[in-house]
Amino acid sequence: MTAKQILASDTAHPEITIGGWVRTRRDSKQFSFLEINDGSCLANVQVIADSGIPGYDAVPQLTTGASVEITGKLVESPGKNQKWELHAASLKLLGTADDSYPLQKKGHGAEFLRTIPHLRSRTNLFGAVFRVRSKISFAVHQFFQERGFHHVHTPIITTSDCEGAGEMFRITAGEEEFFGAPAYLTVSGQLEGETLACGLGSIYTFGPTFRAENSHTTRHASEFWMVEPEVAFADLEADMTLAEDNVHYLIDYALEHCAEDLAFFNKFLDKSLIERLTKLSKTPFQRVTYTEAVDILLKSGKKFDYPVEWGTNLQSEHERFLTEEHFKTPVTVYNYPKKIKPFYMRQNDDCFDGSDRPTVAAMDLLVPGIGELIGGSQREERGEILDEALRAHDLDPEAYKGYTDLRRYGTVPHAGYGLGFERMLMFLTGVSNIRDVLPYPRTPA
RNA sequence: UCCGACAUAGCUCAGCGGUAGAGCGGGUGACUGUUAAUCACUAGGUCGUAGGUUCGAAUCCUACUGUCGGAGCCA
């Protein structure tokens, strides 16, 4: 049985077996207490091993980190801190952990634990993080599957670029151009996702993404996971609603299915985590146009390091002000200036009526503490306008033939977004560094 | 890529010109239905690397390497 099953039991048991790793041991003359963790849940199972049981002579070797298999009976515990405890009938040492074992009973810093990624999942913090990662990964699929979306697998090795998504890693086989043309690790499944949506209707991808950006921050990794839905017959409004529902769904899922691990984060990482998530789960997010956001910033009277000016990108400090100080809740900013966005975003009417502030149907969902969680847009479905936009960005329409063909044959309005999975996990757990929500984080040197 | 901080025992850190310290962890022993138990004793370090200044450098200076934080870019 797993620790999770054992601790959830509502009756005593004459005989059960658990395998796990020793977290700590306390000896008496006649018996020993062992705290066993098997990764199934945060809590340990307390084992009482009386001297004289088969295998008891191995107890001195049951130090922190050693692995054991224990059989015994489950009884109510007279102690204060646990409902059940296991009275061992026999005990088998599987593997020792000598005094070079780097994990101690007391806490370690995140920096040190990053140097031992192969062992850090044995700590409370990382065990909790990776359990939540698993649950939320499942919840992503459930959210889209419930809504009739098809999960598609877009390529990881690709020859297409997704403009605006950042630098790419080049793939070669030694010196050889293995595929006869330059190939790269994907920076986004969006372009392929669009082609699949214009056939399957509603699709999503969920997989690894690679960016060769030399970003050295707590929010960037070279290899990260992205959730990218693409919906045919959808406009920006529908896209924003889907994105907000997506985030709400994952918050609710975490609160319901990861309660024990969230309580741990709430205690040790962020004392307001559960209160904040609970409140957010019941509150609609805010929306403002880019133009309104600029007005809010200009009227805020706040001194920013970077000037606020219509037509430039919102800086981190601007985004932080909007979501953390002004709205104090997640906020979606939409309808960005055309000139700062990539070619594929749908041009709004103000691009054609002579306005000096032309915009495209783009949106970013910003959350307190993290900033951009989601970036998306309605895509340009009008062939001539798309061709013109490609040329305006100095791109060759021929190189995007598969993409422009979608507009030539049975074009439909469609929209999608990318959700940074690790950033979502940071938001849900209170973990402040992206390196600590990835099992093997890859960041630039 | 730019700006800044830091690098001392297994871990967390103190020491900031006069010959290396604490807590935790480890080891040994005692004690106890205990809860990251408690008490006593004990072993651990060319102070990131390479130069320089000085009678003397963990301490001051330079370079390099690494880590962390911030910015830009984005998810």
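For the numbers below, each heavy atom of this structure counts, side chains included, while hydrogens, waters and symmetry mates do not. Chain identifiers are assigned alphabetically (A, B, ...) following the order of the sequence lines, protein sequences preceding nucleic acid strands; residue numbering begins at 1 within each chain.
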Distance criterion of 3.5 Å, no angle test: do you see the side chain of [X] paired donor-to-acceptor with the base of [N]?
X: Glu85(A); N: G33(B); result: yes
X: Gln315(A); N: G72(B); result: no
X: Arg23(A); N: A36(B); result: no
X: Ser215(A); N: C73(B); result: yes
X: Arg423(A); N: C74(B); result: yes
X: His220(A); N: C74(B); result: yes

In Watson-Crick or G-U wobble terms, both distances under 3.5 Å, what is the partner of [N]?
N: C24(B); answer: G10(B)
N: C2(B); answer: G70(B)
N: U35(B); answer: none

Work out how far the [atom1] atom of [N] is from that of [M], and round it to whole angstrom.
N: A63(B); M: A7(B); atom1: C1'; value: 16 Å
N: A9(B); M: G21(B); atom1: P; value: 14 Å
N: U59(B); M: U35(B); atom1: C1'; value: 43 Å
N: G10(B); M: G33(B); atom1: C1'; value: 32 Å

Side chains of Tyr306(A) and His318(A), heavy atoms from C-beta outward: is any pair under 4.5 Å?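 Contact flag for Tyr306(A)/His318(A) side chains = yes.
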
Tell me whether the rings of His141(A) and Phe206(A) are parallel (<30°), tilted (30 to 60°) or perpendicular (>60°).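 If you compare the ring of His141(A) with that of Phe206(A), the planes turn out tilted.
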
Aromatic rings Phe126(A) and Phe130(A): how do their planes relate, parallel, tilted or perpendicular, breaks at 30° and 60°?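 The arrangement is tilted - the two ring planes meet at 30° to 60°.
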
From the options Asn335(A), Asn348(A), Thr289(A), select the one residue that forms a side chain to side chain donor-acceptor pair (under 3.5 Å) with Thr359(A).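 For Thr359(A), the side chain to side chain donor-acceptor pair (under 3.5 Å) test succeeds with only one of Asn335(A), Asn348(A), Thr289(A), which is Asn348(A).
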
What integer distance in Å separates Lys341(A):NZ from C73(B):P?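 Nearest whole value for this atom pair: 10 Å.
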
